[in-house]
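Keep in mind that the numbers below use all heavy atoms, side chains included, and drop hydrogens, waters and symmetry copies. In listed order, ligands and their atoms are each counted from 1.
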Amino acid sequence: MRAVVQQRYGPPSVLRTTEVDLPLPGPGDVLVKVGAASVHLGDYFVMTGKPYVLRLVFGLRRPRHGIPGRDFAGVVAAVGKHVTAVRPGDEVFGWSTAGTLAEYACVPADHVAPVPVGTSLVEAAAVPTSALTALQAMRDVAKVGPGQTVLITGASGGVGSFAVQIAKALGAEVTGVCSSRNVDLVRSLGADHVVDYTRTDFTRAESRYDVILDNVEAQPLAAVRRALTPAGTLIPNSGRGGRWLGPLARIVRARVLSGFTRQHLKPFASVEKPRDLLTLADLLTTGQVTPVIDRICPLDEAADALRYVEAGHTRGKVVVTI
Ligand SMILES: NC(=O)c1ccc[n+]([C@@H]2O[C@H](COP(=O)([O-])OP(=O)(O)OC[C@H]3O[C@@H](n4cnc5c(N)ncnc54)[C@H](OP(=O)(O)O)[C@@H]3O)[C@@H](O)[C@H]2O)c1
């Protein structure tokens with residue numbers, strides 16, 4: 001099969017499109033013919049092996065699985081003998097730890113969910129990691145509910161565009177922070193208010209919010225906390241940071257600071273829970289969540305897709321079709 005492969009950690013130029021062996025599904029696995037795979041900043045970090053702490057999980061000297069990508073949607077080609085939930089021919093979406101920028105991906109059966117009727121493979125592929133992060137941030141970490149005021153920075157990005165829609169679905173009054181070119185997009189996602197950061201600094205304005213999801217961390221923690229109510233919840237969610245530990249140092253600082261203030265500072269890492277994939281499928285079915293697709297690229301342009309997401313100006317999601 002054709003696949004994007006990397007023999008070593010490095011920038012997008014380490015990626016090659018080549019022929020590799022077809023993966024074989026184990027008894028609990030599903031072999032999926034991948035139709036589309038979305039890429040995000042986490043894929044870029046894994047490709048480069050930076051921050052270095054990631055190498056403890058993904059391989060010390062070189063990436064353990066030479067195929068990048070995690071999120072996908074496609075058609076079931078074969079199933080292992082213990083799999084009963086899906087059958088060949090079913091359209092599914094989900095995560096694979098063995099790489100998705102390839103014609104086929106092997107996935108544990110509980111890491112896939114049916115693609116909802118009316119959702120395309122490109123749209124479904126855009127969902128898994130970014131929407132899961134938005135769901136867990138809003139519902140589980142901040143416990144957003146009706147009547148709460150929620151501010152989301154990077155509201156036009158992969159996580160932010162889902163977070164705006166999910167916070168609205170949970171009944172909150174939502175403010176999205178984005179650049180001028182994305183104001184109409186963020187309003188169309190359902191945001192009640194939009195702050196254009198090129199004109200207004202929300203940390204210096206009068207409004208206070210019960211919850212802030214900070215996907216960009218363009219301002220220091222202390223400035224963002226000024227925009228939080230006295231017992232509000234702040235989720236610092238930028239994955240960037242130093243080359244050794246990435247955001248870990250900031251996460252620890254926020255946790256320590258939490259002990260000295262009534263405000264709740266809650267950095268978190270999303271966890272791939274099969275049940276949440278089904279919740280996301282329901283949100284797609286009911287139309288409460290619609291993925292925003294920025295670009296669709298062919299497999300040969302996967303390196304460009306990763307360069308683009310690393311630049312940090314994505315509007316919604318970047319999807320590679322196979
Ligand atoms: N906690 C977790 O488990 C988890 C999981 C996934 C991702 N993340 C992290 O979540 C963060 C967001 O990821 P993403 O995929 O959504 O990134 P993204 O798609 O690159 O989105 C970033 C968005 O922010 C906008 N932006 C840039 N500067 C801004 C500013 N000062 N104020 C407001 N918006 C601004 C960008 O558009 P313009 O430049 O046009 O304004 C872009 O639309 C990343 O740091 C990622 O590592 C965390």
Side-chain angles (χ1 to χ4, degrees), residues 38-48 50-51 53-54 57 70-71 95 126-142 151-166 174-186 189 191 193-205 212-220 223-224 227 234-242 245-248 250-251 254-255 265-273 276 280 291-295 305-319:
S38 68
V39 290
H40 58 90
L41 198 54
D43 296 315
Y44 191 92
F45 295 153
V46 174
M47 176 187 69
T48 57
K50 289 180 193 159
V53 68
L54 286 177
V57 178
R70 200 162 181 100
D71 296 354
W95 314 276
V127 169
T129 299
S130 298
L132 177 87
T133 304
L135 176 69
Q136 292 180 351
M138 294 290 97
R139 184 196 61 188
D140 305 339
V141 180
L151 178 131
I152 296 163
T153 72
S156 50
V159 175
S161 59
F162 286 114
V164 169
Q165 298 179 74
I166 290 170
V174 177
T175 300
V177 183
C178 62
S179 57
S180 312
R181 72 183 182 117
N182 291 322
V183 167
D184 289 345
L185 167 72
V186 173
L189 296 173
H193 316 280
V194 180
V195 176
D196 176 349
Y197 70 81
T198 66
R199 294 164 189 263
T200 308
D201 178 351
F202 77 90
T203 66
R204 296 185 181 279
I212 297 179
L213 173 62
D214 189 359
N215 290 308
V216 184
E217 296 191 61
Q219 279 109 328
V224 178
L234 165 61
I235 306 176
N237 191 44
S238 155
R240 296 180 191 261
L245 295 176
L248 279 185
R250 265 198 333 272
I251 290 173
R255 288 274 180 210
L265 310 180
K266 293 188 172 175
F268 85 113
S270 58
V271 179
E272 293 174 352
K273 295 183 184 165
D276 286 348
L280 294 171
V292 176
I293 309 298
D294 179 330
R295 288 183 180 195
L306 282 155
R307 276 186 201 100
Y308 182 67
V309 295
E310 197 277 332
H313 304 297
T314 311
R315 300 177 88 218
K317 295 290 301 174
V318 176
V319 179

If you measure only the distance, is there a donor-acceptor pair under 3.5 Å linking the side chains of Asp294 and Thr314? no
Spacing of NZ belonging to Lys317 relative to CG belonging to Asp71, to within rounding of 0.5 Å: 6.0 Å
Heavy atoms only, cut-off 4.0 Å: how does Thr133 contact ligand 1, side chain, backbone, both, or neither? side chain
Below 4.0 Å from any atom of ligand 1, is there a heavy atom belonging to Gly312? yes
Can you list everything that forms a salt bridge (Lys or Arg N to Asp or Glu O under 4.0 Å) with Arg307? Sequence neighbours excluded, please. Asp304
According to salt bridge (Lys or Arg N to Asp or Glu O under 4.0 Å), who are the partners of Asp140, at least two apart in sequence or on a separate chain? none
What I want to know is whether His313 and ligand 1 share at least one N or O pair that is separated by under 3.5 angstrom. yes
What are the atoms of ligand 1, with element, lying closer than 4.0 Å to any heavy atom of Gly157? 16 (O), 19 (O), 21 (O), 23 (C), 43 (O)
Contacting atoms of ligand 1, where contact means under 4.0 angstrom from a heavy atom of Asn215: 11 (C), 12 (C), 45 (O)
Distance, nearest 0.5 Å, that separates CG of Leu189 from CD of Gln165: 5.0 Å
Indicate the atoms forming the closest heavy-atom contact of Ser270 with Thr133, along with that distance. OG-OG1, 3.3 Å
Consider every N or O of Ser270 and every N or O of ligand 1, then say whether any pair is closer than 3.5 Å. yes
Pull out every atom of ligand 1 sitting under 4.0 Å from any heavy atom of Ser179, numbered as shown with elements. 38 (P), 40 (O), 41 (O)
Report the member of Leu132, Asn237, Thr198 with the shortest heavy-atom distance to atom 8 (N) of ligand 1. Asn237
Consider every N or O of Tyr197 and every N or O of ligand 1, then say whether any pair is closer than 3.5 Å. yes
Given Asp201, Thr153, Asp214, the one that forms side chain to side chain donor-acceptor pair (under 3.5 Å) with Gln219: Asp201
Kindly give the heavy-atom pair with the smallest separation between Ala134 and Val159, and that separation in Å. CB-O, 3.7 Å
Can you list the ligand 1 atoms lying under 4.0 Å from a non-hydrogen atom of Leu41? 44 (C), 45 (O), 47 (O)
Considering Asp196, Val159, Val216, which one's heavy-atom position lies nearest to atom 14 (P) of ligand 1? Val159
Residues Val186 and Cys178: closest non-hydrogen pair is CG2-SG, 3.7 Å
Do Ala218 and ligand 1 have an N or O pair less than 3.5 Å apart? no
Rounded to the nearest 0.5 Å, what separation is found between the CG atom of Leu132 and the CD atom of Gln136? 4.0 Å
Using a 4.0 Å cut-off to any heavy atom of Arg181, which atoms of ligand 1 qualify? 40 (O)
Looking only at distances, can you tell me whether any N or O atom of Ser130, backbone or side chain, sits closer than 3.5 Å to an N or O atom of ligand 1? no
Taking only non-hydrogen atoms of Ser156 and a 4.0 Å limit, the atoms of ligand 1 in range are 25 (C), 37 (O), 42 (C), 43 (O)
